[in-house]
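Take a look at the structure below.
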Amino acid sequence: MDAVLKATIYDCFEKGLLSKTPLPDYVIEIPNNPDHGHFATNLPLTLASSQKRAPREIASVLVENLKDEGDLLESTEIAGPGFINFRISPTEWHAVLCNVLSLRADYGRTTYGNNEKVLVEFVSANPTGPLHLGHGRGAALGDTLCRILSFCGYEVTREFYINDAGQQIKMLGESVFCRFKQMYDPAYPFPDNGYHGDYILDLARIISEEADLKNLSEEAAIDICTQKGKAMMLDEIKQDLSRFRVAFDVWYSENALYDSGLLKSALDTIKEKEHVYDREGAQWIKTSDFGDDKDRVIQKKDGQFTYFASDISYHLEKKRRGFKKAINIWGADHHGYVPRMNAALLAHGFPEDWLSVMLIQLVKLWKGGQEIKMSKRAGDFVTLKELVDEVGVDAVRFVFLTKSHDSTLDFDIDLVKKQDSDNPVYYVQYGHARICSIFRKAASEGISLPDRPDGLLERLILDEEMALIRRMAEFPSLLDEISRTLEPHRLTYYLTDLAASFHKYFNLGTKIPEYRIVTNDRETSHARLFLADAVRAVIANGLGLLGISAPERM
RNA sequence: GCGCCCGUAGCUCAGUUGGAUAGAGCGCCGGGCUUCGAACCCGUAGGUCGCAGGUUCGAGUCCUGCCGGGCGCGCCA
């Protein structure tokens, strides 16, 4: 389409029908209103000022000189203030359908990413407690984004950064140890800022069975509680994620940064770059030279490195491992941290767009018409596991992925639970199951499809049939667009639309028997079954990218 | 006080580098199953796109200022 337009405009330049100017930023879009054709462009409007002519006049010059050499177009018209609306000929749409049918599970796969190595870091929950709803949102988002990026030709690595070096991990150990002590001495004081959840008590029980905490020094016992507690929590996190259909390629330990000396050598490079200075006995990095609102400490007065220091070295390490691009998915409460991270990376000469941080806004949980405040320290929260137990993986993932990540999400647990049949995920899945059912029906009537749809597709002439094909044609470019904008939620809306188009089409046949998919005319049945089969493939591909099952029966 | 995100139908939310008459689901009201799955379809009602300016052929979308809500502003992680 764009090729036709470009050929046309250069031809008009050559012939002197239009004065030669640089091409403006025009768009070719799919209009909302079907009356406006299959595609529309605002090219004449954008040319108006440089050409110093009326948009409609420019439009008529372009239309009269259209270079449609492949015979792509069925009709062209000038509309409104100076849009050009195009209709594609049916045979072109049939070609799209053939393409879907031959590619099937690979339909939508693109080379947009050019095999670029990209690292997506997400969830990265501290191993001090179970995953909660916020983590679930990050997990669903990150996982789906990775699936889409891979599908679009990126070489994706999924990474979970384990914050196992800091204060909070010690606090886990102390909390567990305290619960252990309290088994014998209920008055034993609980540490300030300790973790209060019931799971701490479980850890204390299990660890005290495995290790003889009683006869160890307090220091040694706390150390065991810390190490075992951390390992067990991490194990639980891995299980929860796996059940949520989220897999990671790399589990990267913050401790490893210290142990391997990477942190130290990274800080040496920072110092070489002369962006570090001494003040009041601490080491500061001049992030304010690179867009941060103030400088930051990387090494404290007591010689300890800050969390920021290890995070900088972690990102230097990511780059060193050869990634051309990094995407971090963080909770919105870390947003203040973004400018300093970017500043530190700029100080190291990273390209400005090397790191993209996606901030996910809060998940607010509602139950019985009331908001439930969640706090990990207070031990008062709903875990991802509990939610999945109640509503199932498919529904939870779909709800998370239906909202844009930078908007807070109200998760009404009663609604999602009771919704069962009203939940939009079932609407899409039902489309898939329904098509499977039609094929079962066709088989029971002895209808078998030819290997190829050649010569049959001109039977597809209904508006609803064309609408389905047009929808499917958008799929690959939608995925590219999602890769570019990092907005996976658009896929859920696409699938809902596609399923709606199918349900609508299907329902034609409840009124008029000739419009059924399996109908009296055999060739028409074949053509419609091919169409349905293609829709089934696209729904399955889309659900697959969302990490949601495509059931054959429901 | 400063910074980031959000504000669109009764509710929850979409709205594709600015495009033509602002959409969906839920809820309300009313229709549609004697053969392909009614977990579906069709229709009615419901809007000052928070407010006010600005940019232009054109603004829910971009800019400025307000209002309202959320989240951050440690030598914590």
Side-chain angles (χ1 to χ4, degrees), chain A residues 25 27 29-33 35-36 40 42 45-46 48-49 54-55 79-83 85 126 128 163 165-169 171 193 254 279-284 293-294 296-302 304 306-308 310-311 331-339 359 361-362 364 399 402-404 406-412 415 419-424 426-427 429-431 433-442 444-445 474 477-478 481-482 484-485 487 489-490 492-493 496-497 499-500 502-511 513 516-519 525 528-529 532 553-554:
Chain A
D25 280 335
V27 294
E29 55 167 12
I30 297 166
N32 295 324
N33 186 335
D35 293 342
H36 296 153
N42 63 348
L45 291 163
T46 59
S49 64
F83 293 98
N85 297 338
N126 291 342
T128 55
N163 295 126
Q167 203 59 43
Q168 84 285 354
I169 236 29
M171 187 54 70
N193 297 322
E254 184 184 0
R279 195 171 84 202
E280 295 163 13
Q283 297 278 314
W284 297 68
D293 52 0
K294 54 182 165 186
R296 308 289 172 174
V297 171
I298 51 174
Q299 190 169 14
K300 300 186 246 178
K301 221 182 310 188
D302 64 6
Q304 292 267 315
T306 60
Y307 176 79
F308 185 42
S310 62
D311 218 13
D333 52 345
H334 290 75
H335 70 80
Y337 197 75
V338 176
L359 295 171
Q361 297 293 326
L362 231 70
K364 278 196 264 180
V399 171
T402 310
K403 324 290 177 182
S404 159
D406 58 5
S407 184
T408 55
L409 190 158
D410 284 352
F411 199 110
D412 188 329
L415 206 68
Q419 251 181 356
D420 35 329
S421 61
D422 291 335
N423 193 312
Y426 299 109
Y427 183 84
Q429 290 181 315
Y430 181 54
R434 197 175 220 182
I435 294 170
C436 291
S437 164
I438 294 166
F439 273 86
R440 288 192 291 270
K441 167 81 177 174
S444 77
E445 292 190 7
E474 294 170 34
S477 58
L478 172 78
E481 190 68 11
I482 291 172
R484 188 176 68 77
T485 58
E487 293 175 337
H489 69 278
R490 284 169 53 182
T492 60
Y493 286 89
T496 305
D497 281 348
F502 180 76
H503 288 310
K504 185 186 171 100
Y505 175 52
F506 176 90
N507 269 278
L508 288 178
T510 60
K511 277 271 167 58
R516 287 175 197 220
I517 291 170
V518 178
T519 183
S525 298
R528 289 177 180 168
L529 283 167
R553 298 172 203 269
M554 292 171 69

Let me know the distance between CG of A:L409 and P of B:C71, rounded to the nearest Å. 15 Å
Does the side chain of A:Y430 get closer than 4.0 angstrom to OP1 or OP2 of B:A39 through an N or O atom? yes
Return the orientation label for the A:F506 and A:F502 ring planes: parallel under 30°, perpendicular over 60°, tilted otherwise. tilted
State whether a side-chain donor-acceptor pair under 3.5 Å links A:T128 with A:Q168. no
Searching all strands shown, indicate the nucleotide that pairs with B:U64 (Watson-Crick or G-U wobble; both distances under 3.5 Å). B:A52
Both distances below 3.5 Å, Watson-Crick or wobble geometry, any strand: find the nucleotide opposite B:U34. none
For B:G65 versus B:G1, give the span between their P atoms, rounded off to a whole number of Å. 15 Å
In 5'-to-3' order, the base (B), backbone-only (S) or no-contact (-) status of each nucleotide in nucleotides 1-11 of chain B, using a 4.0 angstrom heavy-atom cut-off, is --BBSS-----
Stacking between A:Y427 and the base of B:G25 (centre distance under 5.5 Å, interplanar angle under 30°)? no
Within the pair A:K441 and B:G37, is there a side-chain N or O less than 4.0 Å away from OP1 or OP2? no
Are any of A:K300's side-chain N or O atoms less than 4.0 Å away from OP1 or OP2 of B:A77? yes
Got a donor-acceptor pair under 3.5 Å from the side chain of A:D333 to the base of B:G72? no
At less than 4.0 Å, is any side-chain N or O atom of A:H503 found next to OP1 or OP2 of B:C42? Yes or no. no
With a 4.0 Å cutoff (strictly under), does any side-chain N or O of A:R528 reach OP1 or OP2 of B:C36? no
Stacking of A:H334 on B:G72 base (centres under 5.5 Å, planes under 30°): no
For nucleotides B:G23 and B:G46, find the distance between their P atoms and express it as a whole number of Å. 14 Å
Over 60° means perpendicular and under 30° means parallel, so tell me whether A:Y337 and A:F308 are parallel, tilted or perpendicular. perpendicular
Indicate whether A:F506 forms a stack on B:C36; treat it as stacked only if centroid distance is below 5.5 angstrom and interplanar angle below 30 degrees. yes
